[in-house]
Amino acid sequence: MVFSLLRLLGKTVLKDWYQLQAEEVLVYQATDALKGLDNTEVHHRQLKYGANELKERTLKSLWNILWEQLTASTVLLLLVAAVVSLLLGDYKDAVAIVTIVILTASIGFTQDYRANRAIAALKRLNVPKVRLLRNGLWQERSARELVPGDIVQLEAGNLVPADGRLIESINLRIQEAAFTGESEPVEKQVEAIPEAALGLSDRRNMVYLGTTVTYGRGRAVVTETAMSTELGSIANLVQTATQETTPLQKRLDQLGQRLVVVALGLIGVIVILGLLRGESLQFLFLTGVSMAVAVVPEGLPAIVTISLALGAQRMLKQQALIRNLPAVETLGSITVICSDKTGTLTQNRMTVTFLSVAGQRVDLTTVLNHDDLTLSPTEALSSLLIQQPALALLLTGSALCNDSILEADP
């Protein structure tokens, strides 16, 4: 009866899992909290829902990348100039212009191709392992294999592999800063929440793909996978957004259009003045075209592309991957960046910079960035602690409460 009623509710229920009791969600998903799904049912659901991964719709094909490089206004103008030079018998200029076009297109193509490959590689790496319950046995599988109805185990340090409704929570806390911007982890619960139209931060019995378990453990039944998740909805909005040309692209296109107008005007003036002097039409046309070709700045596209590529390489060294080469100039023109809350753009990691105990104070940023090159940061801190025993006691207590592991650099 409950199962039939939930089915009748249809699409509304799919986004309101937090309002249902855990038992109702299990019934709707036709799964068992103690056994999970069987292999036959998993196969059917994998065929229906597909792999649990975000679809990348904006990766360009090789032909699209090359076509974009060859259809820029200035490049088209250069190609026309090369053809005209060839027809006029000026083979040296034609070869030089074609060489510049090939160089420009090659640099731009290589940069875009590398960016696409890097993004695809990051996507493949971002597939965590997950412990799930199938046929009554706990198994470790790739998160790509998850389907709605799977029962998954969540523990501290785990990435949440899909959207799900909690069916067990033992001191479970999850960091959801990527969605909500709140720096503190959210404490989770199993009980249903009757309120309607709650925001993500208030759905405390739900877990979401892209968040991280920071404390405790729990179990959840998967309700949404891949592009049906909240993160998938965000990815879909980003990927379907209208692509706008950058200010640099607009200026270069305007320059190309103006050069065309100037070239045509120059040809017209020369032809008219030549006819008034009695020159032959063929001679005047060839002269006008030659002068129009001379107006085209053959080196401009190559200089712009090389400059942008150098900028992209410098940013890559700073762990910033530039996907669209002209975006380098746009980013370089930014003077102010406005953002909301910590945790969305930062790593959301607290760092101790100042200690104060028993009347003794120390600024760790000053100690660790000391000017004495004969001492390492650790030696400098140890020397300070000898002079201030109260701080040594504080750090001893901190060390005893710490479960981190130090690893030597390779």
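Keep in mind that the numbers below use all heavy atoms, side chains included, and drop hydrogens, waters and symmetry copies.
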Ignoring hydrogens, what is the shortest heavy-atom contact between Ala220 and Leu154? Give both atom names and the distance. CB-CD1, 4.3 Å
List the atom of Gly218, the atom of Leu172, and the distance in Å for their closest heavy-atom pair. N-CD1, 4.2 Å
Without swapping roles, check the side chain of Asp32 against the backbone of Leu34 for a donor-acceptor pair under 3.5 Å. yes
Arg45 vs Glu145, salt bridge (charged side-chain N to carboxylate O under 4.0 Å, His left out): CA-CA, chis, key distance, verdict: CA-CA 10 Å; Arg45 298 191 185 193; Glu145 301 180 24; over 6 Å; no
Looking at Glu195 and Ala197, would you say the former's side chain and the latter's main chain have a donor-acceptor pair under 3.5 Å? no
Going through the checks in order, is the side chain to side chain contact (heavy atoms under 4.5 Å, CB included) test met by Tyr208 and Leu231? CA-CA 8 Å; Tyr208 297 103; Leu231 186 61; over 6 Å; no
Side chain to side chain contact (heavy atoms under 4.5 Å, CB included), that's the test. Do Val98 and Leu86 meet it? Break it down for me. CA-CA 11 Å; Val98 170; Leu86 191 62; over 6 Å; no
Side-chain contact, heavy-atom cut-off 4.5 Å: Arg173 with Val186? no
Between Trp17 and Tyr28, how do the two ring planes meet: parallel, tilted or perpendicular, split at 30° and 60°? perpendicular
With a 4.0 Å cut-off, would you call Glu155 and Arg217 a salt bridge? no
Give me the atom names and distance for the closest heavy-atom approach of Asp150 to Val42. OD1-CG2, 4.5 Å
For residues Val328 and Leu248, determine if any side-chain heavy atom of one lies less than 4.5 Å from a side-chain heavy atom of the other. no
Given 3.5 Å as the limit, does a donor-acceptor pair link the side chain of Asp163 with the main chain of Thr229, or not? no
Backbone N/O of Tyr18 and side chain of Asn205: donor-acceptor pair under 3.5 Å: yes
As a quick check of understanding, evaluate side chain to side chain contact (heavy atoms under 4.5 Å, CB included) for Gln19 and Ile193, giving each step before the final call. CA-CA 5 Å; Gln19 293 181 308; Ile193 305 175; 5.9 Å; no
Under 4.0 Å between a side-chain nitrogen and a carboxylate oxygen: does that hold for Arg165 and Glu24? no
Check Gln139 against Arg134 and note the closest heavy-atom contact, atom names and distance. NE2-O, 3.3 Å
Are any side-chain N or O atoms of Gln21 and backbone N or O atoms of Glu23, one a donor and one an acceptor, separated by less than 3.5 Å? no
Between Leu54 and Ala235, the two heavy atoms sitting closest are CD1-CB, 4.4 Å
Measure from the side-chain N and O atoms of Arg219 to the backbone N and O of Leu166, and report whether any donor-acceptor pair falls under 3.5 Å. no
Look at Arg251 together with Glu329 and state whether they make a salt bridge at an N to O cut-off of under 4.0 Å. yes
